[in-house]
Number of protein chains: 2
Amino acid sequence: MNIQKSASVGRPRGFDADEALEKAMRVFWQNGYEGASLPDLTGAMGISRTSMYATFGNKEELFRKALARYADGPASYGAEAVVEPTARGVATVFLHGAVRSATLPGYPTGCLSLRASLIGGEDGQVIRGLLADWRDETSAMLRKRFQRAVDEGDLPAETDPALLTRYVMTIGNGVAVQAAAGAPRDELELITDAVLQSWPPALARPQRRTVTSGRRARV
Amino acid sequence: MNIQKSASVGRPRGFDADEALEKAMRVFWQNGYEGASLPDLTGAMGISRTSMYATFGNKEELFRKALARYADGPASYGAEAVVEPTARGVATVFLHGAVRSATLPGYPTGCLSLRASLIGGEDGQVIRGLLADWRDETSAMLRKRFQRAVDEGDLPAETDPALLTRYVMTIGNGVAVQAAAGAPRDELELITDAVLQSWPPALARPQRRTVTSGRRARV
DNA sequence: CCAATTGCGTACCGATCGATCCACAACTGC
DNA sequence: GCAGTTGTGGATCGATCGGTACGCAATTGG
């Protein structure tokens, strides 16, 4: 069931499963998970309900595969960012990737995971968990990369990698929302450029730091 | 139909319309528009379907009133910000208001308009338009305020008020998304502090602004 | 040609969506 | 008390949701 390969015997499939998944990804991207009805999906995919269920399992599985395709394709800038040689380069590639991905010509604007996550009652909990997992993966990648930068002296020793990660992702999320609201790419580029102009950001945790006496946090 | 006042004659209403609207607002805040079903809403409001329709019109009207309550209550920081004496003060109050509103104890995290807007097929177009209008109001307020700051010399003459507005709202949107994802208030405070540390941001339009160059996308 | 296997189209399933109908309850003014 | 008006609860509406049963089409292996 997990595979979407056509069998060797029997009637051959009348459509390309990869193209159909691409279309499904765009519909989810445009409408979110619950906002994408089965007629919406199958209509865009050019196939019938039965073919969709036979090939992809069900709506949730279809979304899972579409999300994987999204993460490996238009939203792969996270993995591209962490291989940059400097923390500033990481942030630059990440934020510019976020802008580019959220304003791709011919694709829906904004971020698929945002459109699909911020919704739903208790039934959408599975989907939200799926997206939270993916978000946490990206977050962990950045955090480890920033930790390495701290260890290497690329970032100030007092930098909190987790907080810096949240900082970068906050900007990225804001960019995605703005793109979904219709912000043009060039303006978002200018905004991310401005954010990157002050790097590293003045992020200092006021609370307890190291064992050395240091200054106490205010009560 | 627009009024929700109880009439002087006839059977008196068995519930408080204001309290019911407050509960409805929280349900929309938590679940979005389409994610909030009528049983969800009426259950939280403690009334029956019929009473809801008699008092508020329909689901869309109920959302309209809940949004108005939201804009005048937890999300009133936009209006509070623009009365600050300096542009930096405006940004500070706005961003800290965004953090505070998105992490109010006892309320759902994040922003109601975000949860309700980033979804839905063609039927949710009315709701999205409603939210876009509200967003545009806030955007226009900030833009005019920043324009005044430019005129007064509070901001550099080359500052683009619209672009600066988008910058501030991008951060605010990112904060809302992060809060909805579970980010604690103190971390978001640190992040907005870091953003405000570099003020005004290095936002420069590289080319001359055309005066009336077509319609601008909504912020 | 004949099974066996697999894709596909139609018609349908129970559940839930927002919304409404209608009889009755509860109140005001007379 | 009675007429008029308005709120409430229960039953129900048509539409749509995700998902499925079934019969036919199209292919492979003999």
Side-chain angles (χ1 to χ4, degrees), chain A residues 1-21 24 27-28 31-66 116 119-127, chain B residues 1-21 24 27-28 31-66 116 119-127:
Chain A
M1 180 184 289
N2 200 6
I3 317 290
Q4 59 193 56
K5 265 298 194 182
S6 188
S8 61
V9 56
R11 176 172 171 173
R13 192 177 286 148
F15 61 97
D16 187 294
D18 208 56
E19 289 180 10
L21 184 57
V27 175
F28 281 129
N31 297 3
Y33 179 74
E34 299 190 340
S37 70
L38 249 64
D40 289 340
L41 290 163
T42 56
M45 299 164 85
I47 64 178
S48 68
R49 295 169 105 85
T50 318
S51 299
M52 194 282 284
Y53 277 95
T55 308
F56 300 101
N58 56 21
K59 187 183 177 183
E60 185 182 315
E61 283 296 320
L62 177 63
F63 179 78
R64 209 181 292 263
K65 295 183 174 68
I119 57 160
E122 300 172 355
D123 53 339
Q125 201 165 354
V126 182
I127 301 299
Chain B
M1 181 184 287
N2 201 5
I3 317 288
Q4 60 193 56
K5 265 297 197 183
S6 188
S8 59
V9 306
R11 177 171 170 174
R13 194 177 284 147
F15 62 96
D16 186 296
D18 207 56
E19 288 180 11
L21 184 57
V27 175
F28 281 129
N31 296 1
Y33 179 74
E34 299 189 340
S37 70
L38 248 62
D40 290 340
L41 290 163
T42 56
M45 299 163 84
I47 63 179
S48 69
R49 294 170 106 86
T50 318
S51 299
M52 193 283 284
Y53 278 95
T55 308
F56 299 101
N58 56 22
K59 188 183 176 183
E60 184 182 317
E61 283 296 320
L62 177 64
F63 180 79
R64 209 180 293 261
K65 296 182 172 67
I119 58 159
E122 301 173 354
D123 52 340
Q125 201 166 355
V126 182
I127 301 297

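Just so it is clear: chains get the letters A, B, ... in the order the sequence lines come, proteins before strands, and each one is counted from 1. Here the structure is a predicted model, which is why all the values come from computation and not from measurement.
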Contact under 4.0 Å: A/Ser48 side-chain N or O vs C/dC8 OP1/OP2: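 Answer no for this pair, as no side-chain N or O of A/Ser48 is under 4.0 Å from OP1 or OP2.
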Between [atom2] on [N] and [atom1] on [X], what's the gap in Å once rounded to a whole number?
X	N	atom1	atom2	answer
B/Asp16	D/dT8	CG	P	12 Å
B/Arg11	C/dC27	CZ	P	8 Å
A/Phe15	D/dA25	CZ	P	20 Å
A/Ile47	C/dC8	CD1	C1'	10 Å

Any protein N or O atoms within reach of nucleotides 28-30 of chain C? Criterion: under 3.5 Å, listing atom names and distances.
none

Would you say [X] and [Y] make side-chain contact, with heavy atoms under 4.5 Å?
X	Y	value
A/Arg13	A/Ser51	no
A/Met45	A/Asp40	no
B/Leu38	B/Tyr53	yes

Pairing residues for A/Glu60 by the salt bridge (Lys or Arg N to Asp or Glu O under 4.0 Å) criterion, not counting sequence neighbours: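 Partners of A/Glu60 by the salt bridge (Lys or Arg N to Asp or Glu O under 4.0 Å) criterion, ordered by chain and then number, come out as A/Arg64.
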Residues forming a side chain to side chain contact (heavy atoms under 4.5 Å, CB included) with B/Thr50, sequence neighbours excluded: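 Testing B/Thr50 for side chain to side chain contact (heavy atoms under 4.5 Å, CB included), a comparison that skips the adjacent residues, returns B/Ser48.
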B/Ala36: partners by side chain to side chain contact (heavy atoms under 4.5 Å, CB included), with sequence neighbours left out: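 By the side chain to side chain contact (heavy atoms under 4.5 Å, CB included) rule, B/Ala36 matches B/Val27, B/Phe28, B/Asn31, B/Leu41.
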Atom pair OG1 (B/Thr55) and CG (B/Leu21), whose distance is rounded to the nearest 0.5 Å: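 The OG1 atom of B/Thr55 sits 10.5 Å away from the CG atom of B/Leu21.
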Under 4.0 Å protein heavy-atom contacts per nucleotide of nucleotides 12-21 of chain C, with B for base, S for backbone only and - for none: -----SBBBB
